[in-house]
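First comes the structure, then the notes that go with it.
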Amino acid sequence: MYFKNVLANNGVKSSLIKECSANRIPHAQLFFGGDQSQHLPLALAFSTYLFCEKKTTDSCGKCVNCRKMFKLTHPDLHFFYPTIRVQQPKEKIAESKKCFPNFQKTILENPYLSPQNWETKLKSSKTANIRSADLIEICKISNLKSYQGGYKVFIIWGAEKIITKSSAILLKTIEEPPPKTVFILISNDPNKLLSTIKSRLQEKKMTTIDSCVLLDHFKKKCPELNEAMIKDFVRKGESNYHKTFELLINPVEDGEIFNNFVEWIRLCFLSTNKKSKYEGDFAIIKLIDHCAMMAGLERTAQLSFIKSTAQVFRRAFLLNYEPSLVVEPSIKHPNFSLDSFSKYVNNYNVLEIFALLSNTHYYLHRYSNSKILFLDLSFRLGKLLHKKP
């Protein structure tokens, strides 16, 4: 990975290059903030630059170290990241080392990988963590000599996933590491890091990516798509790399989502009355069938539906207070009016509605039973829509 492949964050790149040129590299750094898609690429670009034998303003890409880095096979680069422990072993094993071939393949395919996508790829109902065995392995390797006599680099990706009670294992190693040892902690939520660890890190805050930069990037990455389509996806993805990429690889038509939403929200509204009917049948029966249908969709489609639902509620709420903030896309459906719907979304129920949608999105990510989740969401949402002061 070259520095030039990292989108935006030119200030951070310059800082890293200057520190390397002056031989004043902080031994422990924290990459956070901005668009999380750039954290890992920047760490890889910096590591490549650090190992490069003929570096200038970027890595040469031709020396032995660069070629190894491009394959993620450099012996002095060590990755630690959230994993799922399948069963309790008799001896503590560093899962990051054990699962590295799978992680290596995933990163080579997509260096902009998000922790959420990595956890989804693990396909487990358990939460991925960085456990004590990984931290012990870090301390052990840091005390060994480097294979090639230069730097040893430790990239701890998803550092907020370090189990809190095990965090103290790292303290002494990070505070007083051996010479030419660099720790790069990457976190989407640095406030979850142990304060004593965070205080020992030099912070490198990332920036958001300009929409024009993102547009140019995806034009090169997806030459088969026309510019107008990519521009629309960038807008819908709110100039966020991961959101835009998800739309590009798994596009879902707005009309399809909103048709589904309109039918579902009407059933939710009617579900508070057991005798209510919808299209000739009891609304509750229809709602149960509809939830079963949504549970049969792919997980990405389910998550996309929850996000779109949150957007509709946001627009409805804003319409009551500041119509000028309501942006596209608007819902065009013969049986739905955002103006009429907005009357049921107010300051008495909006916080509970968004908490409910957020929790459902979280548990869907954790592979909970989607049919139960959608049923629970539907019945509770129906009650909240009828909530009065």
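Computed from heavy atoms alone, side chains included, the values below leave out hydrogens, waters and symmetry copies.
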Worksheet entry | Approximate separation, where rounding is to 0.5 Å, of I107 CD1 and L40 CG | 4.5 Å
Discussion item. Does either side chain, that of R131 or that of T83, offer a donor lying less than 3.5 Å from an acceptor on the other one?
Written reply: yes
Worksheet item: Which residues satisfy the ring-ring contact (aromatic ring centres under 6.0 Å, His included) test with F3, sequence neighbours excluded?
Response: Y49
Practice prompt. Quick one: list whatever passes ring-ring contact (aromatic ring centres under 6.0 Å, His included) with Y151, sequence neighbours left out.
Written response: none
Practice prompt. Take K219 and E227, measure what salt bridge (charged side-chain N to carboxylate O under 4.0 Å, His left out) needs, and give me the verdict at the end.
Written response: CA-CA 7 Å; K219 279 168 63 178; E227 184 175 340; 3.5 Å; yes
Discussion item. Could you work out, with ring-ring contact (aromatic ring centres under 6.0 Å, His included) as the rule, every residue matching F341, not counting sequence neighbours?
Written reply: F313, F336
Worksheet item: Side chains of S37 and I209: does their closest heavy-atom pair fall under 4.5 Å?
Response: yes
Practice prompt. Could you walk me through whether W264 and S378 pass side-chain contact (heavy atoms from CB on, under 4.5 Å), step by step?
Written response: CA-CA 8 Å; W264 173 69; S378 302; 2.8 Å; yes
Response to the item:
For residues 184-195, the salt bridge (charged side-chain N to carboxylate O under 4.0 Å, His left out) pairs (sequence neighbours left out) are D189-K192
Discussion item. We want to know whether Q36 and N188 form a side-chain donor-acceptor pair, criterion being a heavy-atom distance below 3.5 angstrom.
Written reply: yes
Worksheet item: Where do E53 and C60 land on the side-chain contact (heavy atoms from CB on, under 4.5 Å) test, with the steps shown first?
Response: CA-CA 8 Å; E53 299 170 2; C60 73; over 6 Å; no
Worksheet item: Is there any salt bridge (charged side-chain N to carboxylate O under 4.0 Å, His left out) pair reaching into residues 336-363, and which pairs are they, with sequence neighbours excluded?
Response: E352-K387
Discussion item. Per the ring pair (Phe, Tyr, Trp, His ring centres under 6.0 Å) rule, what does the pair list look like for residues 161-216, sequence neighbours excluded?
Written reply: F154-F183
All N/O donor-acceptor pairs, side-chain side in residues 285-294, below 3.5 Å, sequence neighbours left out:
from, atom 1, to, atom 2, distance (Å)
H290, NE2, N260, OD1, 2.6

Discussion item. If I take atom CG from residue N346 and atom CG from residue N320, how far apart are they, to the nearest 0.5 angstrom?
Written reply: 7.0 Å
Worksheet item: Has the side chain of N9 got a donor or acceptor atom that lies under 3.5 Å from a matching backbone atom of Q38?
Response: no
Worksheet item: How would you list all residue pairs meeting salt bridge (charged side-chain N to carboxylate O under 4.0 Å, His left out) that involve residues 356-365, not counting sequence neighbours?
Response: none
Discussion item. Parallel, tilted or perpendicular: which one describes the rings of F218 and F245, with boundaries at 30° and 60°?
Written reply: parallel
Worksheet item: Hey, is NZ on K55 packed in by over 12 heavy atoms from elsewhere, all under 6.0 Å?
Response: yes
Worksheet item: How about N65 and H74: does a side-chain donor come under 3.5 Å of a side-chain acceptor?
Response: yes
Worksheet item: Looking only at heavy atoms, what is the nearest atom pair of L267 and A283, with distance?
Response: CD2-O, 3.7 Å
Item to complete: Please check if any side-chain donor atom of H78 sits under 3.5 Å from a side-chain acceptor atom of K97, or the reverse.
Response: yes
Got a list of side-chain donor-acceptor pairs under 3.5 Å for residues 164-173, not counting sequence neighbours?
from, atom 1, to, atom 2, distance (Å)
S167, OG, I163, O, 3.3
S167, OG, T164, O, 3.3
K172, NZ, E176, OE1, 3.4

Worksheet item: Quick one: salt bridge (charged side-chain N to carboxylate O under 4.0 Å, His left out) pairs with a partner in residues 15-44, sequence neighbours left out?
Response: E19-K204
Fill in: The single option from F80, F103, Y81 passing ring pair (Phe, Tyr, Trp, His ring centres under 6.0 Å) against W157
F103
Worksheet entry | SB check K220 D216 (cutoff 4.0 Å) | no
Practice prompt. Step through the shown structure and confirm whether more than 12 heavy atoms of other residues, nucleotides or ligands are within 6.0 Å of NZ on K371.
Written response: no
Practice prompt. Check whether any side-chain N or O of N129 sits under 3.5 Å from a backbone N or O of I162 as a donor-acceptor pair, and report yes or no.
Written response: no
Worksheet item: Do T106 and W118 meet the criterion of a side-chain donor-acceptor pair at a distance under 3.5 Å?
Response: no
Worksheet item: Judged by atom type as modelled, is there a donor-acceptor pair below 3.5 Å linking the side chain of H39 to the main-chain atoms of G33?
Response: yes
Discussion item. Heavy-atom count check: over 12 atoms from other residues, nucleotides or ligands less than 6.0 Å from Y363 OH?
Written reply: no
Worksheet item: Any chance the side chains of K121 and Q116 put a donor and an acceptor closer than 3.5 Å?
Response: no
Worksheet entry | Pairing residues for T57 by the side-chain contact (heavy atoms from CB on, under 4.5 Å) criterion, not counting sequence neighbours | none
Worksheet, complete the sentence: Hits for ring-ring contact (aromatic ring centres under 6.0 Å, His included) against Y2, two or more places apart or cross-chain, chain-then-number order -> F70
